[in-house]
Structures are given as C-alpha cells and as structure tokens.
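Heavy atoms only: backbone and side chains are in, while hydrogens, waters and symmetry mates are out.
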Amino acid sequence: MEAVLTHLRGAIERGEYAIGDKLPSEAELCRTLEVSRPVLREALRALQTMGLTVSRTGKGTFVVASAVEDPTFGDYAASDLLEVRRHIEIPVAGYAAQRRTPEDLDHLTHLLERMERETDTTSWVALDSLFHLAIAQAAQNPVFRRVIEEIRDALARQSAFLNELGGRREQSNREHRAIVEALTDGSEHDAVQAMSHHLDRVETTLTDIVRPAHTPLEGGPEA
C-alpha cells in the first residue's frame, strides 16, 4: 500500500495529475500498478486523508491539491488536533498520576498488555482510543473525558494513519508503557514528560509522512 501511495502521490506532486483531474478508474489502476483492489483502496483513502484528492460517489476520485498541507482526520485537521491534545492530554496525564485509583491502574495495564500482543491494526487502534480515554478517566474529571470522547473518532483515524504509513505501533507501545509506569509511580512530572514525548513522536511521524515524496518509483509496485 505504501508503494502505491508513494507512486500516486508522486504523480500528483509532479503535476502528472493536475488539480481538477480525475484519477484513472480503480480497475485501470489495479492493472497498471499490478495490485489488488483492497490495497489500491487503502492508498486512495490515504490520499484523501492527506487532502490531495476527494472521492465523489459514482464519479470517481479527483485531485484537489498538488501538495500535502494539513491532513484531516474525521472532522479535524491534524494541526488543530495536535494543538488541542497538547493542551489537554499533557496536563491530564499529570492529574491522573495524582488521582488514579488501583482500578484505573489495573485497567490501563490490561489495555497496555493487550496492545502489546495485538498484531491487527484495526484492533490495536480501537485499544489505543480506549487507552487515552482511560487516562482521562483516571484524572477524575468528567470534562476531560468528554473532550477526549469528542475527538475519539479523529484520534482513531490519526492512529490508523500513523500505524499504516509510519510504523508507529511498537514505538507507541513503548511510549504508552512509559506513561503507565509514571502513573503507577504517582509521578506528575514523569507522567507529563512521558505524554509530552508521546505527542512529540506523533508530530514527528506525521511530519515525516506528509513531507513531499520527491523520488518516483521505477515501474509498478509489486502486488
């Protein structure tokens, strides 16, 4: 999927498909790139998330931008989402370190262990959302949990995007474990630092993904 995405994205950025152009049909792209339809559709969804294309039911996929600026996850742009996450989730981690109950720690540890065993991206993403909700719950302030619930769908979409294109799963697991260890120790400072590091890595991976794809692929990607 990454190879297909890089190929199509590069063609758009080089102007081979200009703004307003319609991409070839799925059947044609599958033949040309020698990939299955599910793989192609994942790549097309990623292009749309990046803001390069839009899919119009019954009409096809059209190019709407020549460069990636700010991916959109559900209702929210990536930059807006990250800004809010920094202002909410970092202090929430500090409050959770002070207020967490034994039940909160058991729940977080259980989620973490399941995430570390999980190999399916969709299942892992669902657990990731529950993990961040559980931290908000541990802060013992229902408003924090409500905010995380509001952006939960966007968080899940972003998580899937970063895992599929940035290989974030194992790194995220390590960062999540550091957060849980800080909460277990009851260290506000360490919890804040661990969550801050986690969001820094999210931003870095996102930046790496949206950086222009300068090098076109030679030939079609392998199936």
Could you tell me which non-hydrogen atom of [X] sits nearest to which non-hydrogen atom of [Y], and how far apart they are?
X: S129; Y: A156; value: OG-CB, 3.7 Å
X: L111; Y: A134; value: CD1-CB, 4.0 Å
X: D70; Y: A77; value: OD2-CB, 3.5 Å
X: I135; Y: A93; value: CG2-CA, 4.3 Å
X: A138; Y: D104; value: CA-OD2, 3.5 Å
X: L199; Y: L82; value: O-CD1, 4.1 Å

Could you pull out all donor-acceptor pairs under 3.5 Å where a side-chain atom in residues 43-65 meets a protein atom, sequence neighbours excluded?
residue: Q48; atom: OE1; partner: S55; partner atom: N; Å: 3.2
residue: T49; atom: OG1; partner: R45; partner atom: O; Å: 3.1
residue: T53; atom: OG1; partner: Q48; partner atom: N; Å: 3.4

Applying salt bridge (Lys or Arg N to Asp or Glu O under 4.0 Å), run through E150 and R146 and close with a yes or a no.
CA-CA 6 Å; E150 167 62 30; R146 181 63 62 87; over 6 Å; no
Go through it in stages, so that I can follow the logic: the residues are R86 and E203, the test is salt bridge (Lys or Arg N to Asp or Glu O under 4.0 Å), and I'd like the CA-CA distance, side-chain angles, deciding distance and then a yes or no.
CA-CA 11 Å; R86 287 191 181 282; E203 182 174 21; 2.9 Å; yes
Within a strict 4.5 Å, meaning less than it, do heavy atoms of the [X] and [Y] side chains meet?
X: I12; Y: E16; result: no
X: R152; Y: L130; result: yes
X: H132; Y: R85; result: yes

Decide yes or no on side-chain contact (heavy atoms from CB on, under 4.5 Å) for Y95 and N141, but give the supporting numbers first.
CA-CA 9 Å; Y95 289 126; N141 183 327; over 6 Å; no
Could you go step by step and tell me if L40 and L8 meet the side-chain contact (heavy atoms from CB on, under 4.5 Å) rule?
CA-CA 10 Å; L40 176 67; L8 293 174; 4.2 Å; yes
Please confirm whether the backbone N or O of [Y] pairs with a side-chain atom of [X], one donor and one acceptor, at under 3.5 Å?
X: R100; Y: T184; value: yes
X: D185; Y: S187; value: no
X: R169; Y: T119; value: yes
X: D106; Y: E103; value: no

I'd like to know if E13 pairs up with R9 as an ion pair, taking the criterion as any Lys NZ or Arg NE/NH1/NH2 lying under 4.0 Å from an Asp or Glu carboxylate oxygen.
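Yes.
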Approximate separation, where rounding is to 0.5 Å, of [X] [atom1] and [Y] [atom2]:
X: L155; Y: F131; atom1: CG; atom2: CZ; value: 13.0 Å
X: S66; Y: D21; atom1: OG; atom2: CG; value: 11.5 Å
X: E89; Y: M195; atom1: CD; atom2: CE; value: 5.0 Å
X: R31; Y: L33; atom1: CZ; atom2: CG; value: 11.0 Å
X: S196; Y: I179; atom1: OG; atom2: CD1; value: 10.0 Å
X: M1; Y: S36; atom1: CE; atom2: OG; value: 11.5 Å

Partner of H198 by side chain to side chain contact (heavy atoms under 4.5 Å, CB included), out of Q171, R174, H176, Q193:
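Only match with H198 under side chain to side chain contact (heavy atoms under 4.5 Å, CB included): H176.
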Can you find a side-chain donor-acceptor pair between T205 and D208 that sits under 3.5 Å?
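D208 and T205 do not have a side-chain donor-acceptor pair below 3.5 Å.
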Do we see a donor-acceptor contact under 3.5 Å between the side chains of N163 and T121?
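Distance-only check fails for N163 and T121.
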What do you reckon, is CZ of R114 surrounded by more than 12 foreign heavy atoms closer than 6.0 Å?
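No, because the 6.0 Å sphere around CZ of R114 holds 12 heavy atoms or fewer from other groups.
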side-chain contact (heavy atoms from CB on, under 4.5 Å) assessment of T101 paired with Q140
CA-CA 9 Å; T101 65; Q140 310 300 329; 4.0 Å; yes
Tell me the salt bridge (charged side-chain N to carboxylate O under 4.0 Å, His left out) pairs involving residues 125-145, sequence neighbours left out?
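Every salt bridge (charged side-chain N to carboxylate O under 4.0 Å, His left out) pair that includes a residue of residues 125-145, provided the two are not neighbours, is R145-E149.
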Which residues share a ring pair (Phe, Tyr, Trp, His ring centres under 6.0 Å) with F161, sequence neighbours left out
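Testing F161 for ring pair (Phe, Tyr, Trp, His ring centres under 6.0 Å), a comparison that skips the adjacent residues, returns F73.
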Report the C-alpha distance between R168 and E175 in whole Å, list the side-chain angles of each, state the deciding distance to 0.1 Å, and finish with yes or no for salt bridge (Lys or Arg N to Asp or Glu O under 4.0 Å).
CA-CA 10 Å; R168 277 277 302 160; E175 293 158 14; 2.7 Å; yes
